[in-house]
Engineer: 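I am attaching a structure below and will ask some questions about it afterwards.
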Amino acid sequence: MDEDVIFIKSDEEKSVTKKPGKLYRLMVKSHKMEAIIAEIDPHTESKRFQHDGEEMHLVLEGEMEYTVGEKTYKLSVGDILWHKSMLVHQAKNAHSKKVVYMTIGTPPSFMSSMV
């Protein structure tokens with residue numbers, strides 16, 4: 001990515017990864033960071049992740065639980081959680097409605113960990 005500014009419309013994701021009950025939309029990726037919009041269906045959880053870097057999660061719709069290390073955080077719309085990515089972490093939707101959240105990570109390693 002050589003541009004200094006990038007504008008992305010909501011339906012212009014770079015790639016989409018679907019897993020049962022989960023959808024990850026890569027919105028932007030540079031050499032230093034990536035931004036993903038994730039959706040998790042009710043009563044579904046992500047796999048456990050552990051990789052280099054740092055992450056920030058912002059809940060856009062619904063409620064979720066996010067476990068980092070041994071601690072679980074309850075997040076609602078507008079809540080932000082930041083953590084080092086080397087700590088084992090996992091997203092979980094224990095509710096009856098879909099949760100939508102944005103993850104911004106540096107360096108860009110999340111989508112490659114999905115493979």
Side-chain angles (χ1 to χ4, degrees):
M1 177 186 318
D2 296 325
E3 299 89 355
D4 289 331
V5 176
I6 297 174
F7 174 69
I8 301 166
K9 298 291 280 181
S10 64
D11 60 347
E12 295 177 347
E13 65 267 333
K14 291 179 68 64
S15 69
V16 175
T17 301
K18 292 181 182 179
K19 301 287 182 180
K22 298 170 284 293
L23 174 71
Y24 301 98
R25 296 172 34 209
L26 177 63
M27 300 306 292
V28 65
K29 182 175 182 176
S30 72
H31 297 292
K32 295 184 178 181
M33 57 83 64
E34 67 187 352
I36 297 137
I37 295 179
E39 300 179 13
I40 300 181
D41 287 345
H43 310 291
T44 303
E45 59 189 34
S46 71
K47 71 177 192 174
R48 294 177 192 265
F49 292 98
Q50 184 177 29
H51 49 90
D52 289 333
E54 301 176 10
E55 298 178 34
M56 185 215 68
H57 312 283
L58 168 64
V59 178
L60 303 172
E61 177 183 322
E63 296 178 311
M64 66 186 299
E65 295 176 2
Y66 207 100
T67 301
V68 180
E70 299 296 319
K71 184 160 181 171
T72 299
Y73 301 86
K74 294 179 188 252
L75 289 84
S76 302
V77 173
D79 290 348
I80 294 173
L81 176 67
W82 171 92
H83 63 88
K84 292 182 179 180
S85 303
M86 282 304 294
L87 297 169
V88 176
H89 51 283
Q90 180 180 36
K92 180 179 181 180
N93 181 355
H95 301 279
S96 59
K97 294 183 179 178
K98 173 176 72 175
V99 67
V100 179
Y101 65 101
M102 175 176 268
T103 294
I104 298 173
T106 181
S109 58
F110 177 78
M111 291 305 278
S112 60
S113 71
M114 293 301 297
V115 200

Engineer: Could you check whether any side-chain N or O of Arg25 sits under 3.5 Å from a backbone N or O of Glu12, counting only pairs where one atom can act as donor and the other as acceptor?
Structural biologist: no
Engineer: Closer than 3.5 angstrom, by distance alone: can the side chain of Ser15 be matched with the main-chain N or O of Leu26 as a donor-acceptor pair?
Structural biologist: no
Engineer: Where do Thr44 and Gly21 come nearest, in terms of heavy atoms and distance?
Structural biologist: CG2-O, 3.8 Å
Engineer: May I have the step-by-step check of side-chain contact (heavy atoms from CB on, under 4.5 Å) for Met56 and Leu81, ending in yes or no?
Structural biologist: CA-CA 6 Å; Met56 185 215 68; Leu81 176 67; over 6 Å; no
Engineer: Measuring from Asp79:CG to Tyr101:OH, what's the distance to the nearest 0.5 Å?
Structural biologist: 14.5 Å
Engineer: So which atom in Ser10 and which in Met27 form the shortest heavy-atom distance, rounded to 0.1 Å?
Structural biologist: O-CE, 3.8 Å
Engineer: Which atoms form the tightest heavy-atom contact between Ser30 and Pro108, and what is the distance?
Structural biologist: O-CG, 3.3 Å
Engineer: Check for a donor-acceptor pair, side chain of Asn93 on one end and backbone N or O of Ile40 on the other, with a separation under 3.5 Å.
Structural biologist: yes
Engineer: Return yes when atom NZ of Lys22 has more than 12 non-hydrogen atoms of other residues, nucleotides or ligands closer than 6.0 Å, and no otherwise.
Structural biologist: yes
Engineer: Quick one: pull up NE2 in His51 and CG in Leu87 and give me the separation to the nearest 0.5 Å.
Structural biologist: 10.5 Å
Engineer: Working to the nearest 0.5 Å, report the span between CD of Gln90 and NZ of Lys92.
Structural biologist: 7.5 Å
Engineer: Do Phe7 and Met102 land in one hydrophobic cluster if side-chain heavy atoms of ILVMFWY residues count as linked below 4.5 Å?
Structural biologist: no
Engineer: Go through the steps to decide whether Lys18 and Val16 satisfy the test side-chain contact (heavy atoms from CB on, under 4.5 Å), and finish with yes or no.
Structural biologist: CA-CA 6 Å; Lys18 292 181 182 179; Val16 175; 4.1 Å; yes
Engineer: Below 3.5 Å, can you tabulate the donor-acceptor pairs from side chains in residues 61-74 to any protein atom, sequence neighbours excluded?
Structural biologist:
{"unit_1": "Tyr66", "atom_1": "OH", "unit_2": "His57", "atom_2": "NE2", "d": "3.1"}
{"unit_1": "Thr67", "atom_1": "OG1", "unit_2": "Thr72", "atom_2": "OG1", "d": "2.8"}

Engineer: Just how far is it from atom NZ of Lys19 to atom OG1 of Thr17, taken to the nearest 0.5 Å?
Structural biologist: 7.0 Å
Engineer: Please lay out, stage by stage, how His89 and His83 fare under the test side-chain contact (heavy atoms from CB on, under 4.5 Å).
Structural biologist: CA-CA 9 Å; His89 51 283; His83 63 88; 3.4 Å; yes
Engineer: Can Lys84 and Glu54 be counted as an ion pair, charged N to O under 4.0 angstrom?
Structural biologist: no
Engineer: Looking at CD of Glu13 and CD1 of Ile8, how far apart are the two atoms once the value is rounded to the nearest 0.5 Å?
Structural biologist: 10.0 Å
Engineer: To the nearest 0.5 Å, how far apart are CD1 in Ile104 and CD in Glu55?
Structural biologist: 11.0 Å
Engineer: Can you give me the closest heavy-atom contact between Pro42 and Ser96, atom names plus distance?
Structural biologist: CG-O, 3.4 Å
